[in-house]
Structures are given as structure tokens and as C-alpha cells.
Amino acid sequence: MTNQYQKFSSVLLIVALLAVVFPTQNYAQRRARKAPVSEELKLDLLIKGGLVIDGSSRAPMKNDIGIRADRIVFVGQSARLKVSADRTLDAAGMIVAPGFVDPHTHTLEDLSNPKSSGNEDYLMQGVTTVITGNDGDGPFRVAETLKKWERQGIGTNAALLVGHGRVRGEVLGAGDVPPSIEQLAQMKNLTAQAMDEGAFGMSTGLYYAPGSFAKTEEVVELAKTVAARDGVYDTHMRDEGSYSIGLLASIRETIRIGREAKIPVHISHIKALGKDVWGQSRQAVRLIKQARAAGINVTANQYPYTASGTNITAALVPRWAEAGGNAQLLQRIKDPNVRPRLVTEMEANLKRRNGAEAILFTRARDCSLVGKTLGAIALERKKSPVETALDIVEGGGAGIASFNMSEADIEYFMKQPFVMTGSDGSSGHPRKYGTFPRKLRQYVFAKKLITLPFAVRASSALTAETFRIPERGRLRVGYFADIIVFDPKTVTDRATYEQPETLAAGMKFVVVNGKIAVDEGKYTGMLAGRALRKIQK
Ligand SMILES: [Zn+2]
């Protein structure tokens, strides 16, 4: 017993002596020597010394990111390894994050036009992947569009949604009519084909004609076709205010579509539109939380502006007046038997949008309108606002910014963990150039409403997961190298309602599929984006 105790104490003594002779520094050196020196890490690109926010809920960490070809091959401390890189980007003092993913854009034309296919307005916001075809308006000839993008080159990655409105228009025209069984089957076929050609899901614009003419059952049937192909359902809901069924009933309709078609449902640009429904963000969120608790995958996206962007016709003209298309709308406007009813309903709609001073013209064939409110133009013309609006509709319509949201609702939606960032970018509205940096500047850094990792996740990983875009949206070994490096002190939107087409600032580097698209704050002209194809399970 004594002997054993003596042996044990002499071992302890030796350990203690060793610790004195070889302090921890030496131990660390020995460990470093054990690192695989022979395996030299050869990189195309090394992003060094930045604070990495990887898109998950993990805490920010100072790390280096190594890229080879189009993939992330290393995340960690490169100083511990033998690393060689063709180029090293200095990210000291910068935030390194996954490239942002925008779930709702109107970039179809921009991407298809070689003059604007670089998508610079989005790259400068840190967006490396856009989804387009929202609001029911996506093309059903998906393969054709994807091939065109591949042939011409695009600056960001881009994914498509097939548009319910387009499918409906193709089979039923612009009328307020229900489909026959054969016509519904035809619509399902077009939708299935679009999915098989690579669409990630289906969008609806149930607020707009002709989507508004569809009953919920029709949408459920088409959504089942999409669900069978692992796709998602994205919607501009039937009513975001008090126009028809109301905001909350529209959320219930969306949830019902999710439940009956067994499909993840995504509410685009969630908002409480107009004073009638201000404050309903709380009830809306409660409905969504209940549905999520019941196993229905409901998510939403949002842009951080109090004005929406639309056109004067969609904002004020009732849908029945649009049935059959534009020629019939113009006839109804002229018809003395119809016009009084039209005017009365448009007056109610204008009130829903907070009146003529809350409608700002942002783009029109008649340039003299741009930058003025409907109220101001009505005064100039000595006509009522609705009569003025009808003249403008007859003259070909116009784009507007409609100031209809309350800041309190915007903030309440933004704090929800299922709400992601989506620009809904359209020409004439600053959100197309400013959404993502504006959220960082205003709501992370100025108001401190949300944390930076929360905002990054809501702008990247959450969106990629929701739309089932694999291997993007996170900084993780094996993932595509879509990476942004930005300065937290200077990142900001600069686009305003007066100057909506002003590029954002603060993105130092934007890497798309391993290629540098923004270098030291300037777009390089690189067309490194990919036309993304849905790979069905
Ligand atoms: Zn929309």
C-alpha cells in the first residue's frame, strides 16, 4: 500500500517537473508541428482576417475562408497551415458572410438583356442569388429562359418560379372564368412541365388579374403538382389590406393551400397595407405561428420600406373592371353606365391606400408625372384624384410608390425568425437598389432591432433553405463560394424615392461561384452567376 502510494507520488512529481521544463508555449509548438505540413493547401482565393458570420445561428468568429474553383474548401485559421493562394483578399475589420439570396425580384428582363445581365444593382447589395418569376408572373417555358441566361451569362445566380397567372392566362385567357376539368388538367400539365424544366416552385399573384379570378381550390390543385416535384409555393396574397377578403383571411387562405396541397408556403412582401389593417401584423404572425406549430411550413419575406411599389391600375382599379384585359378596361372607363361605379370603388381604394398624397408617381410615359403625388397632379389639373387617376390609366398607366405601411408593423414582422429579406425590386422604387444594406444600416446598426447574425441568416441561409436551393446560403466547406465581404461602418443603401437607381455602398468584395464580381467596391463586369435548375428528389 505504502509502496504503491510512493510510486504514484513520484509519477505526479515527474509530471509537475515536465510541466515546468516544457511550458504550454512549447506544447502549442509541438501541436503546431504535428499539423499536416506535407499537405500544403493550394487555393485560388483566400479571404483573410475577417469576422465570419456563416449564415447559421453560430456566433461570429474571426476566420479565414479558402476557395478552390467554385467551392469553399477551407474555413479556419490559415496561419496554422501551409497555404498558398493565387490571390488573398484582406478582410481585416470586415464582415465576411454568405452572399445574400433574394426570394422575390423582378429581374427576369434585366437578366435576359445583355446590357443589364450583370445584375450590378443586386451585386452591390451583396446579393449573389436572385429568385424571379414571382407574383404569378414567372414564365412557364423555364428551360428556354435558363438556356438563354447560360448562353448570354448572368452576374448573379438566378432561379425561376413558374407563374400561376401566366399558366392561367395561357389556358383561360384574361377572363374572370373558372377552368373546366380539361382546362385544369392542361394547367397542371404546363405547371408540371415547368417544374421538370427546373423551376423551384410556383408563384401566385392572387391580388392581380388574372390570378385574382382563381378560386382557392384551383390553386390547391396546381400546388399539388408542384408539391409532387419537391417545389415550394410563393404568393402575393389575394389581399394585404382591406380590399376584398382582408389581410388575415388571405393569410388563412395561404395556410389552407399549404395544408391541403402539403407544400411549404411562402408569403411574399408580407405587410399590413393601409390604415384599416395597421396593427394586424400581430394577428398575422399569430396565425402563422399556429400553422407552423401544426406542421405547416409557412414563411415570409419582407422589404424594409414603408411604401410599396406597384402601378396605378393595380392599386386603384377594381379587378372586375380589368376582366378580359386592357381593351375591355378602357371600354368600361368610357362607358357612362359603368364609370360611376368604377369611380366610387376607386375612391374607396384610394382611401385604403391612405389618400392621394400617399401615391407618388415613379415611372410613366408622361415624364412630367414622375416625382409628383397624385394629389399634386389632381390640383394642377383641377380634377378629383380619381378622375386624374383614370386619365392616367387611359394614357397607358404609370408606376407608383404607395405609402401604405406603418413602421411598427414592419419592425414586428422583421423580428420573426421565419421572415427573410426580399427586395421585390421594381424600377422606380429604391428597394431594388437598397433593400439588403438598408436592413443592415437601419435595423441592425442604427435601431438595433435585430442582431447582425440574425439579419445575415434572414438574408441568406434561411432563404436558400426555404426555396430548397442546395449548397448555397452558408459559409461551409463544400458549399459554393458565394461570399460577401463588407464594411460594417460604411455599408448602406443610397437609393431614395427621388433617386431610386443609386447603387448601394459598403460591399468591398462580392464573390460569385469563386469569381470576384465586386472588387474593392467596384463591379468587375464578371458574369459568374449560374442559371439554377431544380433537381427533384
Ligand atoms: Zn408582389
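Values below: all heavy atoms of this structure, side chains included; hydrogens, waters and symmetry mates excluded. Whatever order the structure lists them in is the order used to number ligands and atoms, beginning at 1. Predicted model only: the values in this text are computed from it and were never measured.
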| said: Ring of F213, cation from R168 - is the NZ or CZ under 6.0 Å from the centre and inside 45° of the axis? | reply: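 So R168 doesn't make the cation-pi contact.
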
| request: Tell me, please, if D424 has any N/O/S atom, main chain or side chain, under 2.8 Å from the Zn ion (ligand 1)? | output: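 So D424 does not bind the Zn ion (ligand 1) by this criterion.
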
| Are any N, O or S atoms from H104 nearer to the Zn ion (ligand 1) than 2.8 Å? |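 Looking at H104, which is the residue asked about, there is no N, O or S atom under 2.8 Å from the Zn ion (ligand 1).
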
| field | Y233 and H266 aromatic centres sub-6.0 Å | value |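 No, the ring centres sit 6.0 Å or more apart.
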
| task | Taking the six-membered ring for Trp and the full ring for Phe, Tyr or His, determine whether the centres of Y122 and F436 are under 6.0 Å apart. | result |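 Distance test on ring centres: not under 6.0 Å, no.
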
| task | If the plane angle is over 60° it's perpendicular, under 30° parallel, otherwise tilted; pick one for H236 and Y207. | result |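 Correct class here is parallel.
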
| If you stand at the Zn ion (ligand 1) and look out to NE2 of H269 and OD2 of D135, what angle do those two lines make, to 10°? |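 My answer is 140°, to the nearest 10°.
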
| task | Check H236 and report its N/O/S atom nearest to the Zn ion (ligand 1), by atom name. | result |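 Atom name of the closest N, O or S in H236: ND1.
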
